[in-house]
Amino acid sequence: MSHTNPDPEPERTTGLEPGGGVPQGETPPAESSMPGAGPRETHNPPKGWAKAPLTLILVLTVLVAAFFLAYAIVLAL
């Protein structure tokens with residue numbers, strides 16, 4: 001089984017100057033910045049959590065904590 005090197009030989013690669021440099025014009029131009037990449041957004045929803053979901057999460061957290069506290073007290077007795 002023979003293994004071939006997938007990398008091209010620098011002496012045979014087109015577009016390389018002696019020493020491995022790349023001449024001007026051989027590389028593609030740089031990409032433009034990201035703001036021009038997508039459509040313009042006209043609707044930006046408010047940031048942060050709504051009051052109802054945040055309240056529900058806090059109430060559930062308190063109930064779970066109270067359950068484990070009561071369970072620990074029952075086990076300790």
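Because only heavy atoms are used, hydrogens play no part in the values below, and waters and symmetry mates are left out as well, while side chains stay in.
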* Linking Ile, Leu, Val, Met, Phe, Trp and Tyr through side-chain heavy atoms less than 4.5 Å apart, which residues share a cluster with Y71? -> L75

* Can you sort out the partners of V59 under side-chain contact (heavy atoms from CB on, under 4.5 Å), two or more places apart, ordered by chain and number? => T55, L63

* Asked: For L56, which residues count as a side-chain contact (heavy atoms from CB on, under 4.5 Å) partner, sequence neighbours excluded?
  -> L60

